[in-house]
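Please read all numbers here as calculations on a predicted model, not as lab measurements. Every chain is numbered from 1, with letters handed out A, B, ... down the list of sequences.
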Amino acid sequence: MSENPFKIIRSTDLPPEHLKQDVVSSVKRIMLLMRFMQLFMSDYSMAVFEKFRLVGSGNGTSANRPDTDLKPDP
Amino acid sequence: MYFKKKAKPDIGLSDEELVLSLQQVMDADLFGLLYDRYTARVYQKCIGMVRDQDIAKDLTHDIFLKAFVNLKKFDHRSKFGTWLYRITYNYCLDHLRKGQRQRTSQVDEGMGLELEEEDRYEEELLSMRSDELPTVLEQLDPGDRAVLLMKYQDELSIKEMMEILELGESAVKMRIMRSRERALVKYRNLYPDLS
């Protein structure tokens, strides 16, 4: 059998030199974006926590409040 | 912590060690080492699939970004190279099918293989002239083309193809057989005097 034609047509070209720089730059941009997203997520959860606390204290659901909040009116 | 001040990239690390490090600490320079190790293979695979250097360059760029973004999902059950090959294969197929909207035919796992006939088909396929083969491959469905390149150019084992295609053994064998048959039909139509 003659030589495998699939092997003969295999490309031996190499990617252009600047492609690595392009990829690494894009990776750095993605990392930056992910870092911002992490910041946003932590701020977001804090914001939700704050909101929950405010709503909770004003709605009179006293079950989870400390005893000091349950003093009877004079 | 996901992001941390990086240490100097260690070029003595194996692929698996590099990936483990990257899964703990994202680092563009460390990823650059993985890029160096696999870029030629990914680029050449893209050229084999799309037969255009500019498109292959863009696909290679996107494939490495996709790998970076999904690196945390790599579970080390297969080799990193096999995982990257799967991304490359799927990405090239998606690209080729965008304009084509062609679905791979359903694989019939129940069909038996006539081994002697199969050998004959394989012999006929491998006796194609190398200046005619690219034309035949170009006319095939991208899925068939990819399967033939995996089997006859990259000489992947059935097990590796099972991992990449996410199919069972008999389905992979059936897909190879079908792709080979379709390639031979194209060949006979294109070059009736030679076949």
State yes or no: do [X] and [Y] share one hydrophobic cluster built from I, L, V, M, F, W and Y residues joined by side-chain heavy-atom distances below 4.5 Å, directly or via other members?
{"X": "B/Val69", "Y": "A/Val27", "result": "yes"}
{"X": "B/Ile47", "Y": "B/Leu140", "result": "no"}
{"X": "B/Leu84", "Y": "B/Tyr91", "result": "yes"}
{"X": "B/Phe64", "Y": "A/Val24", "result": "no"}
{"X": "B/Val185", "Y": "B/Tyr191", "result": "no"}

Which heavy-atom pair separates [X] from [Y] by the least distance, and what is that distance?
{"X": "B/Ala28", "Y": "A/Met31", "value": "N-SD, 3.8 Å"}
{"X": "A/Pro15", "Y": "B/Tyr43", "value": "N-CD2, 3.4 Å"}
{"X": "B/Asp36", "Y": "A/Lys20", "value": "OD2-NZ, 2.8 Å"}

Should we count CD of A/Gln21 as having more than 12 external heavy atoms under 6.0 Å?
no

Check whether the side chains of A/Asp13 and B/Gln44 place a donor and an acceptor atom closer than 3.5 Å, and report yes or no.
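Per modelled atom types, A/Asp13 and B/Gln44 side chains form no pair under 3.5 Å.
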
Kindly compute the distance separating [atom1] ([X]) from [atom2] ([Y]), expressed to the nearest 0.5 Å.
{"X": "B/His61", "Y": "A/Ser25", "atom1": "NE2", "atom2": "OG", "answer": "8.0 Å"}
{"X": "B/Ser130", "Y": "A/Lys7", "atom1": "OG", "atom2": "NZ", "answer": "14.0 Å"}
{"X": "B/Gln53", "Y": "A/Ser11", "atom1": "CD", "atom2": "OG", "answer": "7.0 Å"}
{"X": "A/Asn4", "Y": "B/Ser127", "atom1": "CG", "atom2": "OG", "answer": "11.0 Å"}
{"X": "B/Met128", "Y": "A/Ile8", "atom1": "CE", "atom2": "CD1", "answer": "13.0 Å"}
{"X": "B/Thr39", "Y": "A/Leu14", "atom1": "OG1", "atom2": "CG", "answer": "8.5 Å"}

Could you go through A/Arg35 and B/Met26, starting from their C-alpha distance and side-chain angles, then the distance that decides it, and tell me whether this counts as side chain to side chain contact (heavy atoms under 4.5 Å, CB included)?
CA-CA 11 Å; A/Arg35 186 177 291 194; B/Met26 300 305 260; over 6 Å; no

[X] versus [Y]: any side-chain heavy-atom pair under 4.5 Å?
{"X": "B/Asp131", "Y": "A/Ile9", "answer": "no"}
{"X": "A/Pro5", "Y": "B/Arg129", "answer": "no"}
{"X": "B/Leu126", "Y": "A/Phe6", "answer": "yes"}

For A/Leu19, which atoms come within 4.5 Å of any heavy atom of chain B: side chain, backbone, both, or neither?
both

Is the shortest side-chain N to carboxylate O distance from A/Arg10 to B/Asp154 below 4.0 Å?
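Here A/Arg10 pairs with B/Asp154 in a salt bridge, since their nearest N and O are under 4.0 Å apart.
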
Chain A heavy atoms under 4.5 Å from B/Tyr152: which part of the residue, side chain, backbone, both or neither?
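When you check distances to chain A, atoms from both the backbone and side chain of B/Tyr152 fall under 4.5 Å.
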
For B/Leu148, is it the side chain, the backbone, both, or neither that has a heavy atom closer than 4.5 Å to a heavy atom of chain A?
both

Between A/Val23 and B/Phe31, does the side chain to side chain contact (heavy atoms under 4.5 Å, CB included) criterion hold? Intermediate values first, please.
CA-CA 10 Å; A/Val23 169; B/Phe31 188 73; 4.2 Å; yes

Partner chain A: residue of B/Ala56, B/Gly32, B/Ala40 with the largest heavy-atom pair count (under 4.5 Å)
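That would be B/Gly32.
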
